[in-house]
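What follows is a single structure, and I will ask about it in a moment.
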There are 2 protein chains.
Amino acid sequence: MDIAMAEARAASLRGEVPVGAALAGPQGQVLARAGNRVEEWHDPSAHAEMQVMRAATRLRGGARLADCTLYVTLEPCPMCAAAAVHFRIGRIVFGAYDPKGGGVEHGPRVFAQARCLHRPETVGGMREREAGALLRDFFAHKRV
Amino acid sequence: MDIAMAEARAASLRGEVPVGAALAGPQGQVLARAGNRVEEWHDPSAHAEMQVMRAATRLRGGARLADCTLYVTLEPCPMCAAAAVHFRIGRIVFGAYDPKGGGVEHGPRVFAQARCLHRPETVGGMREREAGALLRDFFAHKRV
């Protein structure tokens with residue numbers, strides 16, 4: 001989660017919504033790390049989670065990620081949660097809950113759907129205050 | 001939809017699940033076209049829809065796609081439907097319905113969620129038989 005937090009802070013300095021992610025393999029090794037690149041890449045799908053899942057799968061030549069843990073500073077949105085199903089992510093550990101835009105504990109609750117083909121184990125609220133403060137500071141500054 | 005169908009057929013010949021997409025701008029001009037590349041790119045997120053939305057947004061330097069129509073041969077999955085919200089797609093026209101994996105008329109019904117920030121107009125079932133036949137033929141052949 002330290003790496004995900006560092007990526008979120010780096011994203012903030014680039015003017016991106018400060019969300020960061022890291023993908024850890026079965027021995028805890030970091031397979032990929034990324035921050036939000038939506039603005040820089042002109043790509044609304046360039047969320048931190050999408051980037052690390054894609055990078056890790058490419059690195060492993062296509063193997064799915066059932067033995068991996070995705071660390072991310074904010075509750076994944078429905079797009080990223082549904083992508084985590086396609087990538088067969090084993091476990092997701094996230095920081096702040098996102099009642100407005102989240103898709104794991106809020107909104108469509110992607111993994112709770114009857115037709116969901118794969119349900120990652122999820123742990124929410126890890127270092128929630130710190131992750132939430134990063135986002136609040138960013139948006140408070142944007143509004144000035 | 002002709003282009004999306006052609007992309008689906010081309011995907012099938014590459015051994016990919018035959019789904020194709022085309023993204024049309026406000027005057028009906030084709031901004032992007034793509035077929036599934038999940039296997040070839042070792043990327044479970046490389047659905048046809050994701051590719052055309054990303055390509056079109058890059059092409060337009062980041063402008064969202066509210067004046068565009070996404071044509072796709074199969075009902076978008078929850079990941080692609082949620083991505084269409086991020087990209088602010090104006091309209092989605094899809095072919096076959098997907099009761100198992102769809103996310104528009106089935107499963108999480110992404111656009112029907114109370115917190116959904118943008119709801120594309122959707123038209124389902126266009127050339128449904130033809131789009132469905134492509135998928136059935138592909139899977140029947142895979143099982144032989």
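Every chain is numbered from 1 and lettered A, B, ... according to where its sequence line falls, protein lines coming before strand lines.
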Quiz prompt | Single-linkage hydrophobic cluster B:Leu70~B:Leu65, side-chain heavy atoms < 4.5 angstrom | solution =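 Both belong to a single hydrophobic cluster.
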Exercise. Say whether A:Phe138 and A:Tyr97 are linked into one hydrophobic cluster, either directly or through other cluster members, by side-chain heavy-atom distances under 4.5 angstrom.
Key: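 Same cluster: A:Phe138 reaches A:Tyr97 through Ile, Leu, Val, Met, Phe, Trp or Tyr contacts under 4.5 Å.
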Self-check item: Engaged part of B:Ala83 at the chain A interface, taking heavy atoms whose separation is under 4.5 Å
Solution: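 Both the backbone and the side chain of B:Ala83 come within 4.5 Å of chain A.
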Quiz prompt | Which portion of B:Met53 sits near chain A, non-hydrogen atoms under 4.5 angstrom | solution =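 Nothing of B:Met53, per the 4.5 Å heavy-atom cut-off to chain A.
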Practice problem: Following the transitive rule for hydrophobic clusters with a side-chain heavy-atom cut-off under 4.5 Å over Ile, Leu, Val, Met, Phe, Trp and Tyr, establish whether B:Val93 and B:Met50 coincide in one cluster. | Solution: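 No, separate clusters.
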Quiz item: How would you list, in number order, the residues of residues 10-35 of chain A that have a heavy atom less than 4.5 Å from chain B?
Solution: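 Near chain B, by residue number: none.
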Exercise. Can you tell which part of B:Val85 gets under 4.5 Å to a heavy atom of chain A, answering side chain, backbone, both or neither?
Key: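 For B:Val85, neither part sits under 4.5 Å from chain A.
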Quiz prompt | Engaged part of B:His106 at the chain A interface, taking heavy atoms whose separation is under 4.5 Å | solution =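 Contact with chain A is absent: no heavy atom of B:His106 under 4.5 Å.
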Exercise. Tabulate, in ascending numerical order, the residues of residues 73-80 of chain B having at least one heavy atom closer than 4.5 Å to a heavy atom of chain A, or enter 'none'.
Key: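 Under the 4.5 Å heavy-atom cut-off, B:Cys77, B:Pro78, B:Met79 qualify.
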Quiz item: Out of B:Arg109, B:His42, B:Arg88, B:Arg115, which one racks up the most heavy-atom pairs below 4.5 Å with chain A?
Solution: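 The option with the most such pairs is B:His42.
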Quiz item: Going hydrophobic residue to hydrophobic residue with side-chain gaps under 4.5 angstrom, can you get from B:Phe111 over to B:Phe94?
Solution: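 B:Phe111 and B:Phe94: one cluster.
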Quiz prompt | Hphob cluster co-occupancy, B:Ile89 + B:Leu59, side-chain heavy atoms under 4.5 angstrom | solution =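 Looking at the clustering, B:Leu59 is in the same group as B:Ile89.
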